[in-house]
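Sequence lines set the chain letters: A, B, ... in the order given, protein chains first and strands last, and positions in each chain run from 1. As the structure is a prediction and not an experimental result, all values here were calculated from the model.
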Amino acid sequence: MLDIQLLRNDLEGVVSRLQKRGFTLDSAKFTALELERKTVQTRTQDLQAKRNNTSKQIGIAKSKGEDVSAIMAEVAGLGDQLKADEARLSELQTELQNLLLNVPNLPHESVPPGESEADNVEVRKVGTPRVFDFAVKDHADVGAPLGLDFDTGAKLSGARFTLMRGQIAKLHRALAQFMIDTQTEQHGYTECYTPYLVNAETLVGTGQLPKFEADLFSLAHNDSKLYLIPTSEVTLTNTVRDEIVPLEALPIKLTAHTPCFRSEAGSYGRDTKGMIRQHQFDKVEMVQIVHPEKSDEALEQMVGHAENILKALELPYRVVALCTGDMGFGAAKTYDLEVWLPAQNTYREISSVSNCEAFQARRLQARFRNENGKPELVHTLNGSGLAVGRTLVAVLENYQNADGSVTVPTVLRPYMNNLQVLS
RNA sequence: GGAGAGCUGGCCGAGUGGUCGAAGGCACUUCCCUGCUAAGGAAGCAUACGGGCUUAAAUCUGUAUCGAGGGUUCGAAUCCCUCGCUCUCCGCCA
């Protein structure tokens, strides 16, 4: 959520910065709402002040045993007007709030301008794609004989669900273990186990609601709803909701390995084959809660933390700076890590690391006590470190052998009873 | 699933219709005194959102907030209703 003060003070500036990311803010509507809000709020507060003051006098007079009927008459007509004004004010504030909740974050100045994926900027390329002396198979074909079973996944649950058996299932688990061990032991994150079902308030905090409800799975619970987390960014970041943390507590660095559930309503037709795009996938997530002055620096570090996983797995990848038009709703700046997939002969997203600055913190009321003892909004960052399913895809494709076996990356062998080859 | 208790400021805790944004304590900040591994004294110390002034901040001023929402009332932390959460006991249970 943007700071409403910023919209009041520099509406034109905000409109033009949002335009860069392809969002058109209804500034006329905002101005009209603000104008009425101001009028009604001032009037309401004046009436409230009058009522409070008169009521206080009644109290004083009564305690002295004086007759209060004259003062009572004075305040008699106040109620109806006040009630009407209060109701209207509350409506206006709700409308303003809803308007703001649906406005995306402002892009950081360093974000390259652009409209789509095509305008993203490659920052660096690491590793050299392997040269194969045989026809490469895609991960679905490599994985099928080793235990990667889409048909059974579909039988149990439908399209975009996968069953893994045997060595593939173990490789999948090894990847997750390796990732979370690296994040905790090498990069200083605290491992967390979080709920997979969360309430609506939590999702409003990180920005999935109210705008993106269609992307989420939900379950009826009592008279309300619980949602399956689309990423543990949601739970990890919400740990600081409505909190004022001490300055010394920053930065807070959290990680979790959880399943992620995405309805992906808008994406049918893309990546229908294989396990690139699933309704359920595992991910190791990194979240940092930092001092506002430190968030730019933290973003670069987190990209490094994600890269270290790919480096250790010896997978070729590139780092891409997303352009203004391709960034997620809450991000001020985002880097994607794209891993090399030989069967597709291209780099595909395997991690996304974003600095949300105060956008989520404002929704969350997540603050710290600054140098002067005053509460101030924190900055929040999140990133995948990494998406486990897509990493499995990358390993299967990049480590495949001519005989259909798959070499186990060296760093994973301790997690697999020193198994060298899947066959 | 059954029965009961509770939810007040950073923390503890008083407050059952009226000068209550809320006593007292702890913690914290500043100052004073004393002097050495401590003690005493004074003051300050919630948040959000408006308005006025201002380049801005501070200050000033108003409103709201005692788990949430609604109601009664001139006036609600206090009374009524609904909901949420926490805890205790019983039952069930990986």
The side-chain contact (heavy atoms from CB on, under 4.5 Å) partners of A:Asp326 (sequence neighbours excluded) come to A:Glu117, A:Asn120, A:Leu322, A:Cys323

Non-neighbouring partners of A:Ser69 that pass side-chain contact (heavy atoms from CB on, under 4.5 Å), sequence neighbours left out: A:Asp67

Which residue pairs pass the side chain to side chain donor-acceptor pair (under 3.5 Å) test when at least one of the two sits in residues 195-205 of chain A, sequence neighbours left out? A:Asn199-A:Thr202, A:Thr202-A:Arg241

Listed partners of A:Glu300 passing salt bridge (charged side-chain N to carboxylate O under 4.0 Å, His left out), at least two apart: none

Under the salt bridge (charged side-chain N to carboxylate O under 4.0 Å, His left out) rule, collect the residues that match up with A:Glu285, sequence neighbours excluded. A:Lys283

Secondary structure of RNA chain B per the Watson-Crick/G-U criterion (both distances under 3.5 Å; [ ] crossing, | other strand, . unpaired) is ((((((((.[[[..)..(.....]]].(((((.......))))).((((((........)))))).[[[[[..)....]]]]])))))))....

Where along residues 28-43 of chain A does a heavy atom fall under 4.0 Å from RNA chain B? A:Arg37, A:Lys38, A:Gln41

Sub-4.0 Å heavy-atom contacts from residues 45-56 of chain A onto RNA chain B, ordered by number: A:Gln45, A:Gln48, A:Ala49, A:Arg51, A:Asn52, A:Ser55

Rounded to the nearest 0.5 Å, what separates atom CZ in A:Phe261 from atom CG in A:Leu197? 8.0 Å

Suppose you measure atom C1' in B:rA23 against the same atom in B:rA14; what distance do you get, rounded to whole Å? 6 Å

Using the P atom in both, what is the distance from B:rA39 to B:rU29, to the nearest Å? 15 Å

In a check of side chain to side chain contact (heavy atoms under 4.5 Å, CB included) between A:Leu148 and each of A:Met275, A:His172, A:Arg165, which one passes? A:Met275

With sugar-phosphate meaning primed atoms plus P, OP1 and OP2, does A:Pro246 contact a base, only sugar-phosphate, or nothing at under 4.0 Å between heavy atoms? nothing

Qualifying salt bridge (Lys or Arg N to Asp or Glu O under 4.0 Å) pairs, either residue in residues 26-43 of chain A, two or more places apart: A:Arg8-A:Glu34, A:Glu34-A:Arg37, A:Glu36-A:Arg88, A:Arg43-A:Asp85

Distance, rounded to the nearest Å, where [X] contributes [atom1] and [N] contributes [atom2]:
X        : N      : atom1 : atom2 : result
A:Glu86  : B:rG69 : CD    : P     : 13 Å
A:Leu92  : B:rC49 : CG    : P     : 18 Å
A:Arg369 : B:rC45 : CZ    : P     : 14 Å

Residue set satisfying side-chain hydrogen bond (donor to acceptor under 3.5 Å, both in side chains) with A:Ser232, at least two apart, ordered chain then number -> none

Counterpart residues, ring pair (Phe, Tyr, Trp, His ring centres under 6.0 Å), relative to A:Tyr317 (two or more places apart): none

Residue met sooner reading RNA chain B from 5', once A:Ser63 and A:Lys83 are mapped to nucleotides: A:Ser63

Under 3.5 Å, N/O pairs linking protein and nucleotides 55-61 of chain B:
none

Charged N to carboxylate O under 4.0 angstrom, A:Glu397 versus A:Arg348? no

